[in-house]
Visitor: 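What follows is a single structure, and I will ask about it in a moment.
Keep in mind the model is a prediction, meaning the values are calculated, not measured.
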Amino acid sequence: MPEIDLPHVARQLAILGICSGFVGAALWTLVTGSLGVLAARLHARAMRRQRIAQARARASGHA
């Protein structure tokens, strides 16, 4: 039965942990950035609809 090289395994696990941390941070940044963009678009769309409704109300003389 071959012996397990514990320092090598520990080093590989450390490298894997560091890489997964970087990948996780990058994915988190992408997700939160995407949600921020989505929220901004939805907010802009809602404001646009509100301005259109107000303009229609003023045009019809109900304001």
Side-chain angles (χ1 to χ4, degrees):
M1 181 161 94
E3 289 188 30
I4 297 174
D5 185 10
L6 289 180
H8 177 71
V9 171
R11 190 170 33 250
Q12 294 295 85
L13 286 175
I15 291 171
L16 181 64
I18 291 169
C19 290
S20 64
F22 279 122
V23 170
L27 287 176
W28 179 255
T29 302
L30 287 173
V31 167
T32 55
S34 298
L35 289 177
V37 169
L38 180 62
R41 283 186 174 184
L42 290 175
H43 180 73
R45 182 181 294 175
M47 291 295 101
R48 182 174 178 262
R49 286 182 179 172
Q50 185 178 9
R51 285 193 309 269
I52 290 171
Q54 288 173 350
R56 285 180 179 163
R58 281 193 304 270
S60 63
H62 295 311

Visitor: Run the side-chain contact (heavy atoms from CB on, under 4.5 Å) test against Leu30 and tell me which residues pass, sequence neighbours left out.
Guide: none

Visitor: To which residues is Leu16 joined in a hydrophobic cluster, defined by side-chain heavy-atom contacts under 4.5 Å among Ile, Leu, Val, Met, Phe, Trp and Tyr, whether direct or through other members?
Guide: none

Visitor: When Ile, Leu, Val, Met, Phe, Trp and Tyr are grouped by side-chain heavy atoms lying under 4.5 Å apart, directly or through other members, which residues fall in the same group as Leu35?
Guide: Val31

Visitor: For His8, what residues pass the side-chain contact (heavy atoms from CB on, under 4.5 Å) criterion, not counting sequence neighbours?
Guide: Asp5, Arg11, Gln12

Visitor: For residues 21-29, which side-chain donor-acceptor pairs fall under 3.5 Å, sequence neighbours excluded?
Guide:
from  : atom 1 : to    : atom 2 : distance (Å)
Thr29 : OG1    : Ala25 : O      : 2.8

Visitor: So, using side-chain contact (heavy atoms from CB on, under 4.5 Å) as the criterion, who are the partners of Arg48 when residues are at least two apart?
Guide: Arg51, Ile52

Visitor: Mind checking side-chain contact (heavy atoms from CB on, under 4.5 Å) for Val9 and listing every partner two or more places apart, or none if nothing turns up?
Guide: Ile4, Leu13

